[in-house]
Structures are given as structure tokens and as C-alpha cells.
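See structure below.
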Amino acid sequence: MNKDLSNLREKLQALLLAQRDKSARGNVADYIPALAEVDPNLMGAAIATIDGDFVGVGDYQHAFSIQSISKVFGLVMAMNRVGDALWQRVNMEPSGQPFNSIIQLEWEKGIPRNPVINAGAILISDVLVSHYSASKLAFISFLRTIANDEDIHIDHDVFQSELAHGNRNAALAYLMKSFNNIEAEVPDVLEHYFTQCSVTMNCQQLAQSLLFLANKGVNPLNNTAVCTRKEAHRVNAILSTSGMYDQSGEFAFSVGLPAKSGVGGGIVAIVPNFGVICAWSPPLNSFGNSVVGMNFIAGLAEELGLSIY
Ligand code: GLN
């Protein structure tokens, strides 16, 4: 893909600098109390390309809570493990609801709308708990392998905070269990789910770990297949329609890239056949998406002509 990558560092720096005052327009997530302790003024961004180029600006090496970005990794692991059977238990449609909504789940008999809302990711956690003898270890090992970096860890304070304030997620899990769509014990499933949400990574690690989605399933850092081409296509399709929750339509309209956000303030955007962008700034808009992260990625996509549409 031909992009004008001259002065990429300067472009990234200028875009991030232009966001300096914008973070005040959002609020740091506090429904998980440990997340509210993060400095709202931190912000960083990085871009990694499948050709091996990398540029990071601002606080791009500062680790943050990946939260729902973990749903992408869990989904890939579950697809690798159970194949097409997965889609009997979870759908692939946008939900049109907030990420932690419970309303639709009863109407739809315990089948989550997609794997990147909370209900879907809890379902995926059940798949991982049921198919790995040590699913939390498998999850963190998977991240370290695809990021090519051992320095990726779980934030135990965030984990405890999520566990202590996880009633809504527990409700989603028990509701799915009542429809026989959860196999393992609910507390085990939730423990896995909160663990994967509590992983901390920085912009560089996130951008590099997801390069396989920009490269038809193959990690260009070591030329190893992480998933099949078809699976990479499917993950990108789901991220395009549902990765930014109930703002996915607006994100497609204004940016045009598969993307995933987390309430820790991170956003990753996949640019097929080119690379991955990661932007991070903790204050969120009402949809749970980083205010600065969205603006930054929109600006970069516009400047480099990255839209897939
Ligand atoms: N751990 C968070 C939760 O379950 C993840 C939500 C998010 O990042 N959107 O509520």
C-alpha cells in the first residue's frame, strides 16, 4: 500500500499536540474504581507497519489497562480453538446498545450479539476456560508471543477492583448460564474475563501485537501464522461493525478502519496490508471511547488516506 510516510513522526507529534486540551472533554472511567486513579493527562500514540517500521510519540511506552481491547485477543484464541462451532454460541451483528447492556441478551435467548460486547467476551472467556487447562496463563503467553515482548503483565489492583464491582458482568454471565450457553462455572469464567481485561500494555506493544490482523493472519515480525486469512478477515469485519460499540457507525463514517476501544482509554485501529495504529488517552466519551484517541486516529486516517472504504 502506498502511503506518504515522510515525516511520519512529525505528523504524529503534531496530531497528538493538537489534542492537548481536548482530553478535558471526556471523563476517566470510574465504575471500575482502580481505573479512576490514572493520570488523565497522559497521552500517547504509535504506528507499526507490516514492513517493520515503527513510530511512537508521547507516552507510547506507558503501560495502561487494555480493558476491552483484550476481547480481540480472546476472540482470536477461541476461533483458533473451536473453529466455526463458535458461531453457534455468539452472533456477529452490531448490538446498537452500550457495551455492558443486558436487555438484548434475554430477548435473544442468551446468544450475545457479537464477541466484542461484554456478554460476547464473557462467552469467549467460557470457551477459553473450558478448552485450556490454564486459560489465564495461556492468554498472557499468547500476548507475549504475538507482541514479541515478555514484559506484559496483569494489574492485580485493577483485577480486584473489577471483581469487587463486577455485578453487571456477573448478571450477564448468569443469564447466559440460565440459557445453557455457559459451560464452565460462572465464577471461573468471570475470573478469566476480569484477568484479561486487567492486562496492561503500552501503545507499542498493542500496535505490534495486532500486526497479524493487518497482514492476513501472519505476524510479520517473525513470519508466523497467528490465525488463518479467513479468521483475520472475520475479526476485522467484526471490529468494523462493532469494535467501537454504539459509535461503530460513526467511526466507520468518519475513519473507515476496523478498530477496538477499551475503557482504559486505548484504541487500536487496523489498516489492512499496511499496519496498526494505537492511541491512548484515559478520558472517555459517553460511549466509553477515548476522546483524544478517536480524534487522533481520525486525523491520521485522513492525513494518510487510510480508510478501507
Ligand atoms: N472490564 C470492562 C468491563 O467489563 C471492559 C469494558 C470496556 O473496556 N469497554 O466493564
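All residue numbers refer to positions in the sequence shown, counting from 1. Whatever order the structure lists them in is the order used to number ligands and atoms, beginning at 1. These numbers come from the heavy atoms of this one structure, side chains and all, not from hydrogens, waters or symmetry mates.
- Although no hydrogens or angles enter the test, the distance criterion places no donor-acceptor pair under 3.5 Å between the side chain of Asp51 and the main chain of Asp53.
- Listed by number with element, the atoms of ligand 1 under 4.0 angstrom from any heavy atom of Phe99 are 6 (C), 9 (N), 10 (O).
- Heavy-atom contacts of Glu162 reach the following atoms of ligand 1: 1 (N), 2 (C) (cutoff under 4.0 Å).
- A salt bridge is defined here as a Lys NZ or Arg NE, NH1 or NH2 lying under 4.0 Å from an Asp or Glu carboxylate O, and Glu191 with Lys136 meets this definition.
- Scanning all protein heavy atoms for the shortest distance to atom 4 (O) of ligand 1 gives Tyr193 OH, 2.7 Å.
- Here's the thing with Ser261: none of its N/O atoms is less than 3.5 angstrom from an N/O atom of ligand 1.
- Between the side chain of Ser68 and the main chain of Gly262, no donor-acceptor pair closer than 3.5 Å is present.
- Residue contact check: Cys197 has heavy atoms under 4.0 Å from atoms 1 (N) of ligand 1.
- In terms of polar-atom proximity, Tyr31 is counted as a contact of ligand 1, with an N or O under 3.5 Å from an N or O of the ligand.
- The proximity of Arg168 to ligand 1, defined as any non-hydrogen pair under 4.0 Å, does not occur for either the backbone or the side chain.
- Every atom of ligand 1 with a heavy atom of Tyr245 under 4.0 Å away is listed here by number and element: 7 (C), 9 (N).
- Between the Asn167 side chain and the Ala170 main chain, no donor and acceptor come within less than 3.5 Å of each other.
- Residue Ile69 does not touch ligand 1, judged by heavy-atom distances below 4.0 Å.
- Residue contacts with ligand 1 for Ser68 involve both N, CA, C or O and side-chain atoms from C-beta outward (heavy atoms, distance under 4.0 Å).
- Between Glu183 and Arg89 there is a salt bridge, since a side-chain N of the basic residue sits under 4.0 Å from a carboxylate O of the acidic one.
- Put simply, the side chain of Asn181 gets close to the backbone of Gly110: a donor and an acceptor are under 3.5 Å apart.
- Using a 4.0 Å cutoff on heavy atoms, Phe194 does not count as a contact of ligand 1.
- For ligand 1, the atoms lying closer than 4.0 Å to a non-hydrogen atom of Gly262 are 8 (O).
- For Asn100, no heavy-atom contact with ligand 1 is shorter than 4.0 Å.
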ring-ring contact (aromatic ring centres under 6.0 Å, His included) for Phe287 and Tyr245? Distances and angles first, verdict last.
CA-CA 7 Å; Phe287 298 97; Tyr245 302 117; 9.5 Å; no
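- Ring orientation note: the planes of Tyr60 and Phe54 are tilted relative to one another, at an angle of 30° to 60°.
- Side-chain atoms of Ser70 come within 3.5 Å of backbone atoms of Gln67 as a donor-acceptor pair (strictly under, hydrogens ignored).
- In summary, the atoms of ligand 1 found under 4.0 Å from a heavy atom of Asn169, numbered by their order in the structure, are 3 (C), 4 (O), 10 (O).
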Take Val189 and Ile182, measure what side-chain contact (heavy atoms from CB on, under 4.5 Å) needs, and give me the verdict at the end.
CA-CA 9 Å; Val189 174; Ile182 291 283; 4.1 Å; yes
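- For ligand 1, the atoms lying closer than 4.0 Å to a non-hydrogen atom of Gln67 are 1 (N), 2 (C), 5 (C), 8 (O).
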